[in-house]
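Shown next, in structure tokens, is the structure this report addresses.
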Amino acid sequence: MAYYTSCGAAGEVTGSCHLLEIGKIKILIDCGMFQGKEEKLNFDEFPFDPKQINYLIVTHAHLDHIGRIPLLVKKGFKGKIISTRATYELAVLMLKNAGGILEQKKEVLYTSKDVEPALKLFGTFIEADEKLKLTDDIKVLFKNAGHILGAVSVKIKFTDKGEKKSVIFSGDIGQDQRIITAPIQSWNKANYVFVESTYGASEHCDISLSIESFKEQILKTLQQGGTVVIPSFALERTQEILFLLKQLSCNGDLHNIPVYLDAPLAINVTKTFLNHPTLFSYQVQKEILNGENPFDFKELVETYSKESSMQINSTKGAKIIIAGSGMCEGGRVGYHLQRYLSEKRNLILFVGYQVSGTLGRKIANNDKKIKIAGNEVQINAKVSHVDGLSAHADQNNILQWINSIKDLYCIYLIHGDQPQLDTLKSQVKNKLKKKVHIVKIGEQIYL
Ligand SMILES: [Zn+2]
């Protein structure tokens, strides 16, 4: 008998966690953190006994897919963690950083001390296009998800009472055109698929137009002597931004104007990216083979220490500051916003989705006054948002990805807000003419 149980990311986009029971073997796919308005759910008991789980398969290193692993281990999980090598190296950085942040909170989910034992359970590595045999009847296969470095979608093949079956978990899947990551791979066959629906009702802007707009807005601000503040996510988005800024540098468009990478986590993540040259797009791989660092250029200044970070705000003239966090909740971007938001010639350039209720969303909504660390700040700077750099597939990409899979009995929609799920469901029904179901939290499905 094989059962699926939803333990997170059902009717919402965070807390990815899925239990697959095949006979006596219990496999968890991701163990992510609930974020934003669902944050409180992290403190609920797991709807299974962590001691009974044999394997945890991790699709990628975003916190909404790995953030509760230290908690899982604290509650008794002793099984193997299966991932790509890149996902493991990025998870080390992301979880250590998360532990440091969480231990400062009033209600502590886990601390840095809980992270080490969790990291020790990693070490079973497979890469895209490789296969791992868990038992005589259960095999795991990975394919590139085109989402972030090391991200994969997972296929589990198993035999149930003599019948061969297979199920795919998409993880987060990317657009077919990404800036630095190797392209998404499709699967040709499976009986069931659990697919993310983050942008199930949306169509992204064309990526080349987004890149053009990103560069134009930056150059215009620099020509006016302004400062560009880019609140950026440490994992993948910052490296994409560096790659694009390097193109401006190589064209001579930056004119030696400094670009500050003011985010210690992003600095470490960028170093880790360079350990995995084969996981990049063809263009980036070519640069690396030519001995180039695709994320470094002469104007780039990495400010690791707090002191060097503080000094940025006393430097005069045009500059670019890339700082975390991506939604302006914590990190160093707060004091840069306090310093630069009030001047008309500056630009605050958002390059990622801003969740409702965050400081980033308030600024992006063009609120004229906001509070940062208790101080009221008047917004006179230009505020802009570049769409189209998303690491998630839009509706068309999701439908194409599903459509390549033959022999499907049913498509299960997960990891999306209700309007996105509802729209995607009707599109799958109407365009692909396939059986489709929106998964609810706690739901158990017989496969
Ligand atoms: Zn993700």
Side-chain angles (χ1 to χ4, degrees), residues 7-10 12-18 28-36 38-39 42 56-69 81 83-84 86-95 97-98 128 142-154 168-185 193-200 202 204 232-241 265-266 269 272-273 276 279 324-327 329 351-355 358 388-394 397-398 401 413-417 420-421 424:
C7 312
E12 50 154 329
V13 294
T14 64
S16 256
C17 189
H18 311 279
L28 214 55
I29 295 92
D30 289 336
C31 190
M33 192 176 275
F34 292 98
Q35 294 168 313
E38 308 289 348
E39 214 175 47
N42 290 317
L56 165 62
I57 300 173
V58 177
T59 61
H60 67 286
H62 274 148
L63 277 186
D64 60 329
H65 292 256
I66 62 168
R68 278 189 294 163
I69 297 177
I81 303 181
S83 72
T84 63
T87 292
Y88 162 67
E89 289 180 18
L90 294 168
V92 172
L93 301 174
M94 299 299 283
L95 289 175
N97 187 65
F142 281 1
K143 278 202 186 286
N144 278 332
H147 174 59
I148 61 166
L149 195 91
V152 289
S153 54
V154 181
I168 292 171
F169 292 88
S170 71
D172 286 351
I173 49 173
Q175 303 187 58
D176 49 8
Q177 258 190 309
R178 296 300 318 280
I179 299 172
I180 57 171
T181 312
I184 185 169
Q185 294 178 306
V193 61
F194 289 80
V195 63
E196 70 122 327
S197 316
T198 315
Y199 287 100
S202 316
H204 292 321
S232 186
F233 301 98
L235 177 48
E236 191 92 3
R237 190 53 40 85
T238 291
Q239 293 72 37
E240 289 174 334
I241 298 302
L265 178 61
V269 167
T272 302
F273 265 44
H276 302 278
L279 300 182
S325 71
M327 296 187 209
E329 295 282 298
V351 288
Y353 185 72
Q354 302 300 308
V355 166
T358 60
L389 301 181
S390 176
H392 287 271
D394 65 4
N397 286 149
I398 298 171
W401 186 82
L413 304 183
I414 52 171
H415 203 288
D417 291 328
Q420 306 283 333
L421 291 162
L424 186 60

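For ligands, and for the atoms within them, numbers begin at 1 and follow the listed sequence. Note that this is a predicted model, so its numbers are computed, not measured.
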*asked:* Taking backbone and side chain together, does H65 place any N/O/S atom at a distance below 2.8 Å from the Zn ion (ligand 1)?
replied: no
*For the Zn ion (ligand 1), what is the closest N, O or S atom on D172?*
OD2
*Hey, which N, O or S atom on H62 ends up closest to the Zn ion (ligand 1)?*
ND1
_Straight-line distance of Q239 CD to I179 CD1, nearest 0.5 Å_ = 11.5 Å
*Give the ring-plane orientation class for F194 versus F169, where under 30° counts as parallel, over 60° as perpendicular and anything between as tilted.*
parallel
*Between H415 and H65, does the ring centroid distance fall short of 6.0 Å?*
yes
_Identity of the N, O or S atom of H60 lying closest to the Zn ion (ligand 1)_ = NE2
*With a cut-off of 2.8 Å, does H392 place any N/O/S atom under that distance from the Zn ion (ligand 1)?*
no
*Taking atom CG of D30 and atom CG of L56, what is their separation to the nearest 0.5 Å?*
7.0 Å
*asked:* So, 2.8 Å as the limit: is an N/O/S atom of D64 located closer than that to the Zn ion (ligand 1)?
replied: no
*From F34 CZ over to L63 CG, what is the distance, rounded to the nearest 0.5 angstrom?*
13.5 Å
